[in-house]
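A short worksheet on the structure shown next.
Here, residue 1 is the first one in the sequence, and each next residue gets the next number.
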Amino acid sequence: MTTALTARQLIDQHRPTLDQALETLRTRAYWSPFPEHPKAYGENGSLGPAEGQAAFDALRDARFELDQPGTRGWTGGETSPYGFPLGIEYPNPDVDVLLPAMRDAMPAWRDAGPEARAAVCLEILTRINARTHEFAQAVMHTSGQAYMMAMQAGGPHAQDRGLEAVAYAYAEQTRTPATAVRWSKPQGKRDPLELTKEFTAVPRGVALVIGCNTFPTWNGYPGVFASLATGNAVLVKPHPRAVLPLALTVRIARETLAEAGFDPNLVALAAERDGEGIAKTLAVRPEVRIVDYTGSTAFGDWLEANARQAQVFTEKAGVNTILFHSTDDYRGMLANVAFSLSLYSGQMCTTPQNLLIPRQGIETDAGPKTYEEVVADLAGAVDKLLGDDARATALLGAIVNPGVAQRLDAAASLGEVALASRTVEHPDFPDATVRTPVIVKLDGAKPDAEAAYLSECFGPVSFAVAVDSTDAAVALLRRTIREQGAMTVGAYTTDAATERLVEDACLEECAQLSLNLTGGVYVNQTAAFSDFHGSGGNPAANATLCDAAFVAPRFRMVEVRRQA
């Protein structure tokens, strides 16, 4: 779009989408305005796969211009996990110049009101969606996701999460009416007391979004759009290895805001120099009143302890668990878990790590299965899934950084290896590091095994933990969630009493539970408008993507009363 649009035009254009999003939040049904099939793009102004590749290639080995105030130099250094440098340089900001400019942009944005802000945010998301294949390349070559996953999770699924945040923000801001035209309190024989009252959703200030390496858009968009839709300016600080997807987002947002008549400095980029540690500096700035963060527990804890002037939303590390008791679809169970362990080389905050299996085995539709048989059959299911290298690379993607590979190699020394990791050659990117998962057997009754299974081992590493009984498994599940946190919990059981035990544990420890998944839905996948990502109630995350609590603290209602 090249012609300017008024806020009213944007409202008229996007109101049906906003209304449908609001209705879907109420029903929790499936819905998305953003198609996830790659062939849906390439017409009506959107980029097809070849055009997306060309757009990505044009960004390489060049400066990424943003025309934002306070640029003091240029920085870069991203290298694709598929084995080549991107060669892109980004503006490195002087925050003493940039932050005041962002605050100056906020009053007009506040005064525009929730509906206009929502409409502009939807226009930003619509423009991002039209460039989904360009974003797919950017996500693939910064996160290591395979192309189809980068296209879907980094594209429409991330856009869904952004829209979901906008809808929640609109709903919470409009819960209170804008005006009470005439407030009247009877006074008996005397004249009533009469006032007019106005209520304005007032933003907190500048919001800082600290991006992650593995899912820069999927994890970043909820915070970006929740803060923007509630009237705040948004400063995006990407992970140094995954700048491009969020830089593209910032550029599109700035262009859209300017065309809609708003100050583009409502959204800006803070790319850091090597070793600069700009996130710590920004997080405690007095102008920064909101922080969204996805990443390590250590830095998340630091933010919660030190960014006291801000409302801090964190998603940190956790230890995700699947409890095995019984199943009426043994083959389906094995295939489902194998896929969950393999997807994106286990580099998801929702990937299962601990597999709690009774020593005496489990009951199945294929007859009783011992602990050893379950573990061997699961290893065989992973091997079968990843046996063809072309299929394996399409599912595994690439190892995102050397730390993941180091943990993967070290895991083999922690116990008996049930499934060894192997190296897969990528047919298109020979310098990519592609590895299959490892499964290690551990004895849950031995204290020396706790150090392994009671800490997160991020990457394609799973522990088959032998437990004495169902009660022991549930007790270990409770302890793991309480002490380490969990983004996901899975369980397989045909017994109603066992199902209730697991459900009670997750309700009391506040963890999201998936039961008896054997088809095309996996424990490490969630759908916007229906599923909650994280609970905000255990150490893995202090917030949920998305719910009302995720958006409501980003603004305050300020009242102006006048004598009638």
Side-chain angles (χ1 to χ4, degrees), residues 36-39 49-50 52-53 56-57 60 78-86 132-158 213-218 241-242 244-245 334-352 378-409 411-412 419-439 458-462 520 522 524-525:
E36 64 179 12
H37 197 287
K39 292 184 179 179
Q53 175 74 63
F56 169 72
D57 290 341
R60 292 179 56 194
E78 292 160 294
T79 297
S80 169
Y82 290 91
F84 59 87
L86 301 192
T132 286
H133 280 290
E134 179 182 2
F135 273 85
Q137 294 287 344
V139 171
M140 175 182 179
H141 290 295
T142 53
S143 71
Q145 295 175 32
Y147 185 78
M148 184 59 73
M149 184 177 185
M151 182 263 157
Q152 293 181 335
H157 297 173
N213 194 175
T214 49
F215 288 88
T217 55
W218 199 98
R241 288 192 291 265
L244 182 58
L334 293 173
N336 190 280
V337 175
F339 187 94
S340 294
L341 300 184
S342 303
L343 183 62
Y344 184 32
S345 300
Q347 298 170 124
M348 304 172 68
C349 62
T350 50
T351 299
L378 181 56
V382 174
D383 259 343
K384 180 180 178 181
L385 177 67
L386 303 176
D388 177 75
D389 281 2
R391 181 180 181 183
T393 56
L395 185 62
L396 293 168
I399 298 298
V400 68
N401 62 56
V404 174
Q406 291 165 8
R407 285 190 294 273
L408 176 58
D409 291 335
L419 175 66
S421 174
R422 69 182 180 88
T423 298
V424 179
E425 294 296 325
H426 199 292
D428 299 318
F429 301 100
D431 293 328
T433 300
V434 183
R435 298 285 298 275
T436 63
V438 64
I439 300 176
F458 183 75
V461 177
S462 293
Y522 304 95
N524 45 350
Q525 296 176 322

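- In this structure, Ser462 and Leu419 have side chains that are not in contact, with every pair of non-hydrogen atoms separated by 4.5 Å or more.
- Between the side chain of Thr436 and the backbone N or O of Ser421 there is no donor-acceptor pair closer than 3.5 Å.
- Rounding to the nearest 0.5 Å gives a distance of 9.5 Å between CG of Leu385 and CG of Leu341.
- In this view, Phe429 and Tyr82, His141, His426 satisfy the ring-ring contact (aromatic ring centres under 6.0 Å, His included) rule, not counting sequence neighbours.
- The backbone N or O of Ala242 sits nowhere less than 3.5 Å from a side-chain atom of Thr142 that would complete a donor-acceptor pair.
- Val424 is not listed as a side-chain neighbour of Arg435, based on a closest heavy-atom distance of 4.5 Å or more.
- Nearest heavy atoms, Ala398 versus Pro81: CB-O, 3.8 Å.
- A 4.5 Å side-chain heavy-atom check between Met149 and Phe215 finds at least one atom pair inside the cut-off.
- Contact annotation: the side chain of Asp409 never approaches that of Gln406 to less than 4.5 Å [non-hydrogen atoms, C-beta and beyond].
- Counting all heavy atoms, side chain and backbone alike, Ala381 lies closest to Leu334 at CB-O, 3.9 Å.
- Inter-residue side-chain proximity for Tyr147 and His133 is flagged as met; some heavy-atom pair is nearer than 4.5 Å.
- For the pair Thr214/Tyr344, a side-chain contact is recorded, criterion being any heavy-atom separation below 4.5 Å from C-beta on.
- Nearest heavy-atom pair across Ser342 and Leu386 is OG-CD1, 3.6 Å.
- Between Met140 and Ala150 the shortest heavy-atom distance is N-CB, 3.6 Å.
- Separating the OG1 atom in Thr433 from the CG atom in Asn401 is a distance of 10.5 Å, to the nearest 0.5 Å.
- Going from atom CD of Gln525 over to atom OG1 of Thr351 covers 10.0 Å, rounded to the nearest 0.5 Å.
- Qualifying side-chain hydrogen bond (donor to acceptor under 3.5 Å, both in side chains) partners for Glu36, counting only residues two or more places apart in sequence or in other chains: His157.
- Side-chain contact between Leu86 and Phe56 is present, with heavy atoms from C-beta onward closer than 4.5 Å.
- For residues 380-394, every residue pair satisfying the side-chain hydrogen bond (donor to acceptor under 3.5 Å, both in side chains) rule, not counting sequence neighbours, is listed here: Asp389-Arg422.
- Closest heavy-atom contact between Ser340 and Tyr522: OG-CB, 3.5 Å.
- Every pair passing salt bridge (charged side-chain N to carboxylate O under 4.0 Å, His left out) that includes a residue from residues 134-145 is listed here, sequence neighbours excluded: Arg131-Glu134.
- Counting only residues at least two apart or on different chains, no salt bridge (charged side-chain N to carboxylate O under 4.0 Å, His left out) pair has a member in residues 147-156.
- Between Leu395 and Leu343, the closest side-chain pair of non-hydrogen atoms falls below 4.5 Å.
- For Arg241, the side-chain hydrogen bond (donor to acceptor under 3.5 Å, both in side chains) criterion is met by Asn213, not counting sequence neighbours.
- Nearest heavy-atom pair, Thr132 versus Pro156, reported as atom, atom and distance to 0.1 Å: CG2-CD, 3.8 Å.
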